[in-house]
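These notes concern the structure reproduced below.
Computed from a predicted structure; not experimentally measured.
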Amino acid sequence: MYIATARQAPAAGGTGRIAGNVLALGAVSLLTDVSSEMVTAILPLYLVLGLGFSPLQFGVLDGIYTGVTALVRVVGGHAADRWQRRKFVAGLGYGISALGKLGLLAAGTSATAMGLVLAGDRTGKGLRTAPRDALITLSSEPSALGRAFGVHRAMDTVGAFLGPLVAFCLLWTLPARYDVVFVVSFCFAAVGLLVLVLFVRDHRDVLPRVAVSLKSAFGLLRSRPFRRVCLVACGLGFLTLGDGFIYLLLQKKLDVDVAYIALLPLGTAGVYLLAAVPLGSLADRLGRWKIFLVGHLALLGAYVLLAGVGGISLLIGVLVLHGLFYACTDGVLMAVAGPMIPDELRTSGLALLQTGQVLARATSSVLFGALWTWFAW
């Protein structure tokens, strides 16, 4: 069994400190998330309310934005493990995403061109995510992975909090100047890439105990615990709406001025920022699966609110529950799966898990966009 080759947890005397590599990766993610969330925050506004795309078109583009990463995650993860160059593959992904921000300037009003640019941007995300998460697991004590991911995701979420705020300030000062938003977004991404190059340390000391190949990566699914994690993550991912749809539904139900759509993600990010570290530590103590499932119950609560109440209680309730969902699930899922995967296949295994989850969420976005268009909600 592949599980038997995974690295064992250190003795109880471990310090539980957050490794410098995790903090450096957190700084990279912070800067990159400022960049990406600037774009994500204004994308519904830009596409649906600015360019006049239908909800179905937005759903397809959101599906592309979410799902195209699945095309490169496993291949990128395999390459990172086979060459033991996780930092290089992650850096390649960060660089491609940075260039994608400039590509948005050239896409104009073409849905096809926009789809291609977004596909390129998400290709970069697909390449970088698994190597980054693998470096976190290889740099941390297995017994404290929940806390390590909580710290990383908290730093990441500082960027997610600042990104929409920067986008809002730019559009408030320079109305409809989306080109300025895209250029500033590129600058943040470029600085993040520089921090990765200068301060993140690679792990090239993992000695393979099995052949590193795509066959061995998919062979991880023969392990019942890992297969169960993948199936549950995919099933729940299929029931998860894209963030853009949640914010559009809030705007539609509350009749929020369109200029303020870019601020809605701040509520989610603020809750995520406050809850990520405590919930990550709680997951280490009480059980990571329990916290992961609690997160999806919080998301279900957000859906119930969107279907029912209105007013300020709807706004606060949905954003709080949405933020708790991310705090309970994002890093926690990686902490669940990491110890199940041998070191030499760590990136490939995490990429395989993330690929299934992303494909499920992409399918959900397309189907919900189609339903919204057909039923004129």
Side-chain angles (χ1 to χ4, degrees), residues 18-40 65 68-104 117-140 148-149 151-153 155-156 158-160 163 182-206 212 217 330-331 334 338 343-352 354-355 358:
I18 301 303
N21 224 30
V22 175
L23 297 177
L25 287 165
V28 175
S29 292
L30 188 158
L31 291 163
T32 303
D33 246 39
V34 173
S35 169
S36 61
E37 293 302 321
M38 285 178 67
V39 174
T40 299
Y65 195 65
V68 75
T69 61
L71 301 177
V72 295
R73 282 179 189 256
V74 174
V75 174
H78 165 66
D81 282 338
R82 187 177 184 85
W83 302 332
Q84 290 199 48
R85 291 186 176 273
R86 297 170 183 86
K87 176 180 173 178
F88 173 78
V89 175
L92 182 62
Y94 281 114
I96 292 173
S97 291
L99 292 176
K101 305 304 185 295
L102 295 181
L104 291 169
V117 171
L118 293 178
D121 178 79
R122 294 298 88 178
T123 295
K125 182 174 177 61
L127 285 174
R128 72 179 185 250
T129 302
R132 179 202 67 196
D133 286 349
L135 284 172
I136 293 173
T137 65
L138 292 171
S139 303
S140 306
F149 274 104
V151 169
H152 174 269
R153 295 311 198 251
M155 296 179 70
D156 182 275
V158 170
F182 298 149
V183 170
V184 174
S185 173
F186 165 77
C187 293
F188 274 103
V191 174
L193 179 60
L194 182 62
V195 172
L196 176 81
V197 171
L198 295 178
F199 297 106
V200 173
R201 180 176 62 87
D202 207 348
H203 274 267
R204 304 189 64 187
D205 54 349
V206 177
V212 177
D330 189 14
M334 297 300 101
D343 292 358
E344 63 271 20
L345 291 174
R346 185 66 54 85
T347 316
S348 303
L350 293 181
L352 190 62
Q354 292 165 358
T355 294
V358 163

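Atoms CZ and OG1, on R128 and T123 in that order, are 11.0 Å from each other to the nearest 0.5 Å. With rounding to the nearest 0.5 Å, the separation of CZ in F188 from CG in D33 is 12.0 Å. Note that CG of D156 is 6.0 Å distant from CZ of R132, once rounded to the nearest 0.5 Å. Between the CZ atom of F88 and the CG atom of L196 there is a distance of 11.5 Å, given to the nearest 0.5 Å. In this structure, CD in Q84 is found 10.0 Å from CG in D343, a value given to the nearest 0.5 Å.
Not one N or O on the side chain of S97 forms a donor-acceptor pair closer than 3.5 Å with the backbone of Y94. Not a single donor-acceptor pair under 3.5 Å links the side chain of K87 to the backbone N or O of R201. Although no hydrogens or angles enter the test, the distance criterion places no donor-acceptor pair under 3.5 Å between the side chain of N21 and the main chain of S139.
Looking at heavy atoms from C-beta onward, D81 lies in side-chain contact with R86 at the 4.5 angstrom threshold. Residues S29 and M155 have side chains not in contact (no heavy-atom distance under 4.5 Å, counting atoms from C-beta outward). Taking 4.5 Å as the limit, every side-chain heavy atom of M38 sits out of range of all side-chain heavy atoms of K101. You'll find the side chain of F149 stays beyond 4.5 Å of the side chain of D330, heavy atoms only. Taking 4.5 Å as the limit, some side-chain heavy atom of M334 sits within range of a side-chain heavy atom of R153.
In this structure, V39 and S185 approach most closely via the heavy-atom pair CG2-OG, 3.7 Å. In this structure, A134 and T347 approach most closely via the heavy-atom pair CB-OG1, 3.3 Å. Residues A190 and A98 share a closest heavy-atom pair of N-CB, 4.5 Å. Of all heavy-atom pairs spanning A27 and V195, the tightest one is CB-CG1, 4.3 Å. Residue V22 comes nearest to S140 through the heavy atom pair CG2-OG, 3.5 Å, listed as atom of the first residue, atom of the second, then distance.
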Problem set entry | Evaluation steps, side-chain contact (heavy atoms from CB on, under 4.5 Å), between L193 and V28 | CA-CA 7 Å; L193 179 60; V28 175; over 6 Å; no

Problem set entry | Working for side-chain contact (heavy atoms from CB on, under 4.5 Å), residues D133 and R346 | CA-CA 9 Å; D133 286 349; R346 185 66 54 85; over 6 Å; no

Problem set entry | F182 and L102: CA distance, side-chain angles, deciding distance, side-chain contact (heavy atoms from CB on, under 4.5 Å) verdict | CA-CA 6 Å; F182 298 149; L102 295 181; over 6 Å; no

